[in-house]
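Down below is the structure, laid out as structure tokens.
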Amino acid sequence: MASGKTGPDSERLNRLVAEARRDRERRENTYREQALKIYPWVCGRCAREFTRATVQQLTVHHKDGNHDNNPRDGSNWELLCVYCHDNEHSRQLEHDAQGAPAPGSAHDPPATHKPFADLEALLRNKGKREP
Ligand SMILES: [Zn+2]
Ligand SMILES: [Zn+2]
């Protein structure tokens, strides 16, 4: 931060962020309602059934992971209970993480490493080559 002042720019930004969030919530409510209208209230994984009293634990999963892809026929939606939805996304995260090196994979040399082994060999070879 150069000066730390909060001017009209940050107010404008805050407003934009708030509007974007409202937009997103409105859109999510819309596709959720639509999905609940066209699909039976059953989790697509564990087949748990939901009622008006428990339906808030039923979530709309986007099959392609794109929350902006909301075809009206529901072909990108899947109703999952919160638990199965969590599972689904943690599996995707694991999948995404596979390309990156795991932390700690660049390991230190083992404790049995002999620092002078190479030197010994070097000296032996050198000795052979001496006339
Ligand atoms: Zn489930
Ligand atoms: Zn999802």
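Both ligands and their constituent atoms are indexed starting at 1 by order of listing. Predicted model only: the values in this text are computed from it and were never measured.
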State the CH2-CG distance between W77 and D64, to the nearest 0.5 angstrom.
12.0 Å
So with a 6.0 Å cut-off around CZ of R24, is the heavy-atom count from everything else above 12?
no
Using 30° and 60° as the class limits, which term best fits the ring planes of Y31 and H62: parallel, tilted or perpendicular?
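Perpendicular, since the angle between the ring planes exceeds 60°.
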How many degrees, to 10°, between C46 SG and C81 SG as seen from the Zn ion (ligand 1)?
110°
Roughly, to 10 degrees, what angle do C43 atom SG and C84 atom SG form around the Zn ion (ligand 1)?
110°
C43 vs Y83 side-chain heavy atoms within contact, under 4.5 Å:
no
E88/R91 salt bridge by N-O under 4.0 Å criterion
yes
Does the distance from a Lys or Arg side-chain N to an Asp or Glu carboxylate O, for R26 and D23, drop under 4.0 Å?
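Result for this pair is yes, salt bridge flagged.
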What's within reach of the Zn ion (ligand 2), meaning protein N/O/S atoms under 2.8 Å?
H61 ND1, H85 NE2, H89 NE2
T59 side chain to V82 backbone, donor-acceptor under 3.5 Å:
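Between the backbone of V82 and the side chain of T59 there is no qualifying donor-acceptor contact (under 3.5 Å).
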